[in-house]
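Everything on this sheet refers to the single structure shown next.
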Amino acid sequence: MATERYNPRDAEPRWQQKWNEAKVFETDNGDPREKYYVLEMFPYPSGRIHMGHVRNYALGDVVARYKRARGFNVLHPMGWDAFGMPAENAARDNKVHPKSWTYQNIASMKTQLKAMGLSLDWSREFATCDVEYYHRQQALFLDMMEKGLVYRKKSKVNWDPVDHTVLANEQVIDGRGWRSGALVEQRELVQWFFKITDFSQDLLDELDTLDQWPEKVRLMQKNWIGRSEGMAVRWEIVPSTAPAGETEVTVYTTRPDTLFGASFLAIAADHPLARAAAEKNPAIEAFAEECRRHGTSLAALETAEKKGIDTGIRVKHPLDPSWELPVYVANFVLMEYGTGAIFGCPSGDQRDLDFARKYGLPVVPVVMPKDGDAATFEIGDTAYVDDGVMINSRFLDGKSTTDAFELVAEKLESTLLGNQPQGERKVNFRLRDWGISRQRYWGCPIPVIHCDDCGVVPVPKKDLPVELPEDVTFDQPGNPLDRHATWRHVACPNCGKDARRETDTMDTFVDSSWYYTRFTAPREDAPTDPAVADRWLPVDQYIGGIEHAILHLLYSRFFTRAMRETGHLDVKEPFKGLFTQGMVVHETYRRGTGQNGEWVSPAEIRIEEIDGKRRAFLLSDGEEISIGSIEKMSKSKKNVVDPDDIIASYGADTARFFVLSDSPPDRDVIWSEAGVEGAHRFTQRLWRLISEASGNLVGVKPNPAKNGEALPISQAAHKTLKAVQEDYDRLSFNRAVARIYELVNTLAAPLAKVASGEGDPTYRAAVREAAEILVQVVAPMTPHLAEECWAVLGNAEMVSRTPWPAYDETLVVENDVTLPIQINGKKRGELTIARDADQSAVEAAVLALDAVKAALDGRAPKKIIVVPQRIVNIVV
RNA sequence: GCGGGCGUGGCGGAAUUGGUAGACGCAGCGGACUCAAAAUCCGCCGUCGCAAGACAUGUCGGUUCGAGUCCGACCGCCCGCACCA
C-alpha cells in the first residue's frame, strides 16, 4: 500500500492548532499531581531566533513532554529577557524607540518559537520590560532595602571622556571606547549594590546540596566565591619614609608561613597610601593614572604587563623590626580584594617572582619540596608554590608549611603593634557585592528619590511603578533619563520639597534573577504568591548555556535567599537540576584571501566531494570557495543557518530531531546539511513504515508476544523503551536517538510484512504494540510526526495526552550472557553461559575453551579474574 | 594572567563509569530495483597485513590482571573573569 510522503508544512500547523485549542500545555496551579517545573533560560529578544535557541528549547521540550507523559503536572513557561543595551543601540542607529524595537522583536521571535511546536504554557508569558513585571521588581527592591540588603558606595566605571558616557566592558576595545576611540578612564561614581556577600558562606556551603548540577559549574562557583583562610598582618611604616599621618599598612595573606621570603610590599593604585605618595611624587601620580586608564575588567588588567613603581616608603618586617622592605604601587594589586595590599614572596609566587626579577628585588627560597636539599635548593624562573619544608626562615626552619602557618599566626596574634595584635586570622572571600547601577535608559528604574534634606528616600509602594518615560532621545550619548526635561523632578515623599529621582536603572541580571519565580503566578499583584511559589519551586530542570555558569546562576541563588528574607517565598535554592548545553557551530566559508577575503554564508554555496575531498563552490557563478574552521555561529563570520529556512524546507520535527541527535547535549553540535538530511530521511522513513502498515493494524488490539515468531519484536520494543526512558531521565538524547534508530531498523521488516498483508493476529498484535511504543518514545522529540502516526494507527486521543507505556520486565532480561575471555589482558575468545552461573562454573567452562587450552599449553594459570556478567581475564 | 572544561575512524559520536574500543548516524564503496535518475532496499566500511596477527582513543610517562576511563607532565581548542546577555 503506497502512501503519500509526510508533509510537515501541512501537519505541523495543524497539530499546533489542535494542541492550542485543547489547551494541552496550559498548567493549572491547583492540579494535585506531583509537580515538575522545567525551564529554559529565557531569550533576549534580538529579533530572530538562532540555532542555539532551537537546541535549548528542543532540549527543554523533550523533558517537558516526557515528564508530562510520565504523569507529572508540568510547568513549562516562556518569557523575554527584554531590557538591555542592544535596544538602545538600535534606537541610536535606526531611530526606533527601544520599546517598539523590543516588542516588535518579541512578536517575530514568538512566531518563530511557535513554529517549533514547543509545549509551552504561553498564557504565563511576560517580558521583563513589561511595566507589570518591573513594577514588582521595584517592590522587591524596596523590601530588600528595608532588610538592609541594598546600599550605596563609590565604585569605578569605564568612562568615555569624548562621548561623556559610561561604557560596558564589551564596549571597551583595547582600552578605547568603541564609538569614540578615546582612551577610556576609570571614574568613581556612587552606585547601588546588593549585599550578596552577606551570603558568601551560605552560597558556598549549599553548593554541596546541588547534586543535580554539573560538577564543573559547582567548582566554578566555589572558586568564584573564593573562600580563603589567612591573616591580616599590620606592617609598621618606617617613620622617616611615611606620608603625613600614615603609620602602618595592613596586608591580607594566605601564606604567613612564607613571611621570611618577603622582599617587597605591593599596593593598589587606589590604596590611600598610594594616593598619599602620589601627591608628593609626580612619577607615582603618572603611574597611578596609567593604571586607571585601563578598563575596569579584570581580564584586561591581568593580561596587561605586570608593572610597578617604588613609592620610597619603607616598612618594617613584622617578625624582625630591623628588616626594612620597599613598598611598590603595582598594577596587578586590586583595591577590591583583601586590603588592597599584599606582601610579595618571589620564591613562592610566580607573579611576585616575575615582578622581583623585573625590579631587581631579592629572591629567597623559604619552602622546598620534602625531599629537597636546603643547601642547594634554588629558585630559577619558576616559583615553588606547593607545600613543603621551611628553609631560610629562622625559627621555622625544618617545619612543614602547615605548622609554620600556625607558628607565625600565634606569634603575630600575641605580638602587639601599638595596642593591637600585629596579626589576626581572617577568612576572606573573593566574592564582591553586586553592583546593580547602570547609567542607561532601557532598564528597570531604581525606585528611590534624592532629597537635599531627607537624603535617599525610597519611593512609597503606593507610588509604584516608577515608569520609564517614553519621550526620550538617543541622538546624544549619555543617559536619557538624566537629561529628560521633567521626569527626574519629583516632590520628596517625606517632606514634599523639590527632589530628584534616581536616574540609574538596574543591571539586567536583576530581571533574570527572579523571573522563574514570577512564572509561578505571573499576574499576581505582589511579586509572588508565596504559597504558589513554594509549591512550584525549585525549578526541577533548568537548561541553558555554560556561559551563565557563574553570574546569572549565582545572582539567582542570592535572589531566592533575599526573597526568603523578605517573605516572598520559602525555598533556598532556585534550581534543583541544572543542565548546560553546548553551542551550535558550523563550518566557515571564505572567498579570497587576506584583507580582500570575505565570509560567505552556507546558503550561498554547494558542497561537492571530489576524489574524497570536500570542496565548496559558489552557487551563483561556480567559483571555488575555501572551507574554513568550524566555529560558533555568528553574524560576522556568516556561518549562520536560519531556523526559519530549515523549518520551512524540512519542518520543525526534523530541526528538533537533528539538534538532539549525534552530539551529547552538553557538547557543541556541528550543524551540517548532510546531518539535517539524515534526520529528515528518518522522519520520512518512520512515517512510511507506520502509515503503510497502518491499514492492517487499525483494528488490532496491541499485545506483546511472549513467545513464537514475534517474540524478538516485542523484546526489541521493550528493551528500547527501557533504554530510552533511562536516556531521557539522564538527558542523554543522542543515545535515545541511537536506540530509536535501532528499533526502527528492527521493526522495518515486520512492518513491511504487515503492510503486505502477512502475519497472523498474534503477530500483528505484537507489531502494533511495538509500533505504538516506537511512536511514543519519539513523540517528545518529533511531536507533530508522532501525532500524525498515532492518529493513522487509529488512536482517538492525542499522543501528547497519552501516558507513557510501561515496559515488561520479562521481555527485557536476557538469560544468557556472552563474556569476553582475555588472556593477559588480550581478548582471545568468548564464552556464552547462563546469566546466573557461579564463579566456579564460569572458571571451569573457560578452562575448557580451546583458545584457553592452547594459550596455557598445559601450564596452570597464575590467576583467573572473573568479573560477573562482564569479563574473564586469565593471567599466565 | 587566573578559574573551568574538552580532545576516540574520513566526520558527529557510543563504550553499562576501571572490563570485548568504534553502538547508532553521516559520508564513502559495492549490489538490487529502474530505460535512466531520485527515492528505497541489501551488503562492506579504524590502520597495516594474503593470513595469523600487530598497531590504534591529542603527546609522553605512571598505577593496574586489565586504562578511552585513574594519576603526573606537555600540546591544541573552547567558556567565564563581575557593565554583553
Side-chain angles (χ1 to χ4, degrees), chain A residues 5 41 43-44 46 81 83-86 157-158 166-172 214-217 219-224 226 295-306 332 336 350-351 430-440 507-509 512 545-552 554-555 580 582-583 585 609 612-614 629 631-632 661-664 666-670 672 674-675 677-679 681-682 684-685 688 726 732 734-735 737-742 745 748-749 752 818-827 830 862-865 867 869-876:
Chain A
R5 280 171 66 82
M41 291 179 184
Y44 178 80
S46 56
D81 189 11
F83 275 136
M85 290 199 306
V157 293
N158 300 310
V166 176
L167 299 176
N169 282 338
E170 72 156 11
Q171 297 173 325
V172 179
E215 191 54 47
K216 60 178 172 184
V217 175
L219 196 55
M220 281 192 252
Q221 291 217 348
K222 185 182 170 207
N223 291 335
W224 185 262
T296 57
S297 101
L298 192 58
L301 210 66
E302 292 204 9
T303 42
E305 193 196 351
K306 308 291 175 287
F332 57 86
E336 289 78 20
Q350 192 59 45
R351 196 166 54 180
R430 203 186 76 103
L431 181 66
R432 310 198 299 251
D433 275 332
W434 175 11
I436 60 153
S437 279
R438 298 291 181 270
Q439 294 71 39
R440 284 183 236 292
D507 179 6
T508 56
F509 271 126
S512 55
I546 185 71
E547 64 274 18
H548 293 294
I550 296 174
L551 293 180
H552 163 59
L554 195 61
Y555 291 154
T580 54
M583 295 182 299
V585 294
E609 189 156 323
K613 196 171 178 292
R614 294 178 70 247
S629 60
E631 297 188 49
K632 179 177 180 171
S661 48
D662 282 5
S663 290
D666 54 351
R667 270 202 241 171
D668 291 351
V669 63
I670 301 179
S672 71
E677 277 164 17
R681 269 201 299 278
F682 168 81
Q684 291 295 344
R685 185 176 188 215
R688 185 163 24 79
E726 284 163 6
S732 297
N734 58 318
R735 286 166 35 129
V737 167
R739 298 286 87 80
I740 289 167
Y741 270 116
E742 271 174 334
N745 287 340
T818 299
L819 300 176
I821 309 303
Q822 293 183 336
I823 292 164
N824 288 338
K826 300 253 180 209
K827 190 192 164 193
E830 277 184 352
K862 215 185 245 173
K863 200 173 173 187
I864 302 179
I865 296 150
V867 184
Q869 292 170 42
R870 282 286 154 71
I871 199 165
V872 180
N873 191 13
I874 300 166
V875 186
V876 182

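Model, not experiment: these values are computed from the prediction. Lettering of chains follows the sequences in order, A, B, ..., and the numbering in each one begins at 1.
For A/R351 and B/C2, the shortest distance from a side-chain N or O to OP1 or OP2 is not below 4.0 Å. At B/A82, none of the side-chain N or O atoms of A/R432 fall inside 4.0 Å of OP1 or OP2 (strictly under the cut-off). Applying the 4.0 Å criterion to OP1 and OP2 of B/G25, one finds that A/N734 has every side-chain N and O outside that range.
Distance A/E170 CD to B/A82 P: 12 Å, rounded to the nearest Å. When the C1' atom of B/C26 is taken as reference, atom CZ of A/R681 falls 8 Å away, rounded to whole Å.
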Notebook entry, point to check: Starting at the 5' end of RNA chain B, what dot-bracket string do you get if Watson-Crick and G-U pairs under 3.5 Å are bracketed, crossing pairs use [ ], other-strand pairs use | and unpaired bases use dots?
Noted result: (((((((..(((......[....))).(((((.......))))).(((....)))..(((((..]....))))))))))))....

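The base of B/C83 lies outside donor-acceptor range of the side chain of A/Q171, with no N or O pair under 3.5 Å. A donor-acceptor contact under 3.5 Å is formed by the side chain of A/N873 with the base of B/C65.
Taking for each of A/I550 and A/V217 the nucleotide of RNA chain B with the nearest heavy atom, the 5'-most of the two is the partner of A/V217. With RNA chain B read from its 5' end, the first of the two nearest nucleotides for A/I874 and A/E742 is the one closest to A/E742.
Minimum atom distance to the side chain of A/Q439 is reached by B/C83, of the listed B/C83, B/A27, B/A14. Minimum atom distance to the side chain of A/R688 is reached by B/U40, of the listed B/U40, B/C81, B/C26. Comparing B/G80, B/C83, B/C24 against the side chain of A/E547 picks out B/G80 as the nearest. Checked against B/A85, B/G4, B/G25, the side chain of A/Y741 finds its nearest nucleotide in B/G25.
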